[in-house]
Structure formats: structure tokens, C-alpha cells
Protein chains: 2
Amino acid sequence: MGADRRTEILRAAARVIARHGVRGLRVAEVAAEAGISTALVYYHFKDRAGILHRTLEFISDRAERYTAAHPRRERDGDPRRDLERSLLLEFQDRPEVRENSTAWGELQATAVFDPELREALAEARLIWIGELTDTLGRIHPAAPEPARTVAAERLTATLEALSTRWLSELLPLGHARELMRDAIAVELAQLARQPAVTVFD
Amino acid sequence: MGADRRTEILRAAARVIARHGVRGLRVAEVAAEAGISTALVYYHFKDRAGILHRTLEFISDRAERYTAAHPRRERDGDPRRDLERSLLLEFQDRPEVRENSTAWGELQATAVFDPELREALAEARLIWIGELTDTLGRIHPAAPEPARTVAAERLTATLEALSTRWLSELLPLGHARELMRDAIAVELAQLARQPAVTVFD
DNA sequence: GTCTATAATACGATAGAC
DNA sequence: GTCTATCGTATTATAGAC
């Protein structure tokens with residue numbers, strides 16, 4: 001774990017974001033969290049916006065490691081189980097997961113007022129939805145692609161909203177997991193019933 | 001519309017929040033938006049936090065007027081249509097609606113870091129979900145209550161996430177409306193199929 | 001009730017020594 | 001690479017006149 005300074009700072013920034021949000025991030029607090037001076041933070045990063053940008057990249061990468069990456073690595077496993085696991089991974093009370101979920105929610109919320117952030121967000125989401133669409137295809141190969149994409153969009157939307165509610169303690173973790181599981185079941189049932197429009201092509 | 005100063009300020013604050021978010025709200029900008037001095041804002045409100053608190057109440061009240069209130073007033077109409085209309089009301093490109101949607105999303109996002117806001121949020125949401133559960137009951141009286149509540153929770157979750165995506169221009173308005181409509185159809189189909197567990201009670 | 005200052009401070013960012 | 005010290009400014013909040 002001989003992480004360099006830059007990475008240490010990014011990790012510190014991720015923790016600060018989890019506590020106070022993107023817009024509550026203070027450079028001085030990041031420095032304190034990393035145990036260094038503010039000047040050193042500015043030596044490694046151009047400015048506050050730069051810190052934010054890199055931190056969000058960092059978080060996004062980390063999220064891929066524990067969500068999107070999984071289904072791929074286990075392509076030959078039960079896709080139904082893979083789907084459920086990858087969507088439920090977001091609901092865990094581990095600091096690392098909490099941090100990522102919080103930051104992702106903040107990214108969402110911030111993007112409403114910050115056009116610069118939207119591009120990165122759009123890209124990350126496309127990848128995520130693409131992976132989900134693939135997994136859904138492995139479960140129901142007969143379901144037409146547009147229907148699977150729409151299902152994936154709805155599932156990610158549900159996940160994000162449930163995650164926000166969990167993080168603001170409006171929903172206990174177990175309840176959120178249940179609702180997510182139900183949502184998956186509902187979407188899969190829908191896909192199963194939906195006869196492929198192009199089945200005779 | 002002989003609104004008093006306080007209300008004028010709250011309206012101004014709502015507009016500012018729609019532009020820059022809760023955490024982007026500057027007291028000076030609220031004052032300018034209301035056409036008065038910052039000192040007068042402080043005469044009417046204790047401090048920045050007080051302005052925020054009252055503005056969110058104001059917005060929450062206004063939202064109830066154009067969503068939750070509607071289904072009630074038109075109880076005897078087609079409940080299926082009422083449901084769809086009340087959930088799609090959030091997706092309109094009118095300034096008032098945009099303001100409320102934006103502020104509601106901000107309320108959500110802010111609550112993750114602000115325990116004080118959670119209570120108001122939880123209350124508003126309970127009312128909202130309750131109304132939806134009722135409407136679902138008028139559509140499918142045979143569906144058991146827990147299933148309807150869960151469907152209502154998922155529908156509100158979907159609405160919030162789709163709203164965020166629309167506001168950050170990740171999803172065009174029409175597409176968001178379509179996804180919302182689909183989500184309603186899916187939930188209703190699910191409720192219709194779900195045989196009432198307590199049908200023989 | 002409303003204004004024009006202005007105080008007080010929090011915060012981002014940099015200079016310059018080591 | 002890293003620090004201490006500090007500058008400049010944006011922002012909250014108040015004092016005091018009308």
C-alpha cells in the first residue's frame with residue numbers, strides 16, 4: 001500500500017466528501033485529513049476544482065472495481081445472481097462503499113448546477129448502463145435490446161434514489177436492499193413476459 | 001397577490017436555489033432577486049440557515065399544491081389517469097415546476113449531510129407515499145396494502161432519480177416522461193398480477 | 001421597515017524559506 | 001517536497017441613520 005502523496009490526498013478528499021459533500025469540501029480540511037499543509041495540497045493539485053475533478057475520477061474508478069468489474073470477471077456464473085449482487089453491492093455499511101455512494105449522489109446533485117461535471121457523469125453512466133444491459137441480455141436473451149436498456153435505466157435510477165434515501169437515513173439499509181431486490185424481480189418479470197418483437201427476424 | 005415581504009423573499013430564495021442550489025445560495029443574491037438590501041433580509045430572517053429552512057418549507061408546501069393535492073380533489077375521476085398525471089406533473093419545463101423539482105432534489109441531496117433537514121423531508125415523503133398508495137388502491141383494490149406501499153416507494157424513487165437526470169440534462173424531458181410512464185405501467189402490471197394474499201380473509 | 005456602510009470572518013490561493 | 005505565514009476576496013452578519 002505504498003500509496004503516493006497524490007493518492008493519499010485523493011483518499012482524504014473522498015473521506016471529506018463523504019462527510020460534507022462536494023460543495024462542503026474545504027481545502028484546509030482535506031489537508032488536515034491527510035495530515036499535511038494546505039500548501040502541499042496546492043503543490044500536487046492546481047486548485048480546488050482540480051482536486052474535486054480528480055477525486056471524482058478516483059471514486060469512479062474505485063466504484064468500477066467493486067461493481068461493473070465484477071459481472072465481467074464472472075461471466076460464466078449465474079447472471080441472475082451477478083445482476084443482483086452488483087446492484088446490491090452499493091448497499092453496504094462499509095466506509096469505502098458509503099464514501100462512494102455518497103460521492104456518487106453528490107456528483108448527481110452537483111451536476112444539476114455544474115455543466116462541467118455533466119460530461120464525466122454521462123460517460124460513467126453510459127458504461128454502467130451498458131454493462132447492466134449486457135447482463136440482462138444474458139438472463140433473457142430473447143428480450144429486445146431497447147427493452148433491456150430501458151430496464152437498465154430504470155434499475156440504475158432506482159438504485160440511485162434508494163441509495164440517497166439510505167444515506168439520509170430515510171430508509172434503513174435492509175429495507176433499501178429489499179426494495180432494490182424487488183425492483184430487480186419486477187424488471188426481470190417484465191422482460192420475461194415481453195415477447196421479443198423481433199423474434200422472427 | 002399582495003404577498004408580504006417575507007413571502008417575497010422566500011419566492012426570491014426559491015428562484016436562487018433553482019439556479020445555484022441550496023449550497024450555492026448567497027444572501028446578497030436573494031436580496032438582489034427580491035430587489036431589497038441584504039440588511040432587510042436579515043431583518044426578516046435570523047440568519048442564512050433560517051432563510052434556507054423556511055424556503056424549503058415554502059417549496060414543500062407549494063409542491064403539495066400541485067401534486068398531492070390533485071388526486072384528492074379529483075377522487076371520482078379515472079384513478080389510473082390521476083396517478084399518471086400526478087407523477088408526470090413533475091416533468092414540465094415551467095419555471096415553477098423546475099424550481100420545485102430542483103429544490104426537492106437539493107433537499108434530498110442536502111439531507112445526506114444535514115440531519116436537521118431530515119425530519120421535514122421524512123414527513124413530506126410519508127404524506128406523498130401515502131397518497132400514492134391510496135391511488136394505487138383505487139386502481140387495484142385487490143392488491144394487498146404492503147405491496148401497494150412498496151410500489152409507491154419505488155415509483156417515488158424512480159421519479160426523483162429521473163427528475164435529477166432531466167435537470168442535469170442527462171435525459172431529455174420526453175425520454176424522462178416515457179421512462180416514468182413505463183415505470184407506472186410495470187408497477188401496475190405487477191400489482192394486477194400479484195394475487196391478493198388475503199383475498200379470502 | 002428600509003437603507004448605506006462596514007465589521008468580522010472564512011476560504012482559496014500564493015510567496016518564500018528550508 | 002514540505003512548511004509557515006499571509007494576501008485577497010467573497011460572504012455572512014451587524015451598526016446606526018432615516
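Note that the structure is predicted; figures quoted are calculated from it, not measured. Per chain, numbering begins at 1; letters A, B, ... match sequence-line order. Both backbone and side-chain heavy atoms feed into the values below; hydrogens, waters and symmetry mates do not.
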Rounded to whole Å, how long is the line connecting atom [atom1] of [X] with atom [atom2] of [N]?
X	N	atom1	atom2	answer
B/D4	C/dG1	CG	P	9 Å
B/H20	D/dT11	NE2	P	10 Å
B/F45	C/dT2	CZ	P	12 Å
B/L40	D/dT12	CG	P	16 Å
B/R5	C/dC3	CZ	C1'	12 Å
A/R23	D/dA10	CZ	P	21 Å
B/R6	C/dG1	CZ	P	11 Å

Query - Side-chain N,O (B/R26) to OP1/OP2 (D/dT12) below 4.0 Å - result: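 It does, given that an N or O in the side chain of B/R26 lies less than 4.0 Å from OP1 or OP2 of D/dT12.
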Can you tell whether the side chains of [X] and [Y] come within less than 4.0 Å, N to carboxylate O?
X	Y	value
A/R54	A/E57	yes
B/E99	B/R15	no
B/R5	B/E8	yes

Requested in this report: Please work out if A/L25 contacts a base, only the sugar-phosphate, or nothing of the nucleic acid, heavy-atom cut-off 4.0 Å.
Outcome: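 Sugar-phosphate: the residue A/L25, judged by heavy atoms under 4.0 Å, touches backbone atoms but no base.
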Report task. Would you check, one step at a time, whether the test side chain to side chain donor-acceptor pair (under 3.5 Å) holds for A/T135 with A/E131? Result -> CA-CA 6 Å; A/T135 306; A/E131 300 261 4; 5.8 Å; no
Requested in this report: Anything under 30° is parallel, anything over 60° is perpendicular, the rest tilted; go ahead and classify A/W104 against A/W128.
Outcome: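 Ring orientation of A/W104 relative to A/W128: perpendicular.
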Check nucleotides 13-18 of chain D against the protein and report each pair of N or O atoms closer than 3.5 Å, with its distance, or say if there are none.
unit_1	atom_1	unit_2	atom_2	d
D/dA13	OP2	B/Y42	OH	3.0
D/dA13	OP2	B/R48	N	2.8

Query raised in the report: Going by heavy atoms in the side chains, are A/L162 and B/E153 under 4.5 Å from each other?
Result: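 No. Closest side-chain heavy atoms not under 4.5 Å.
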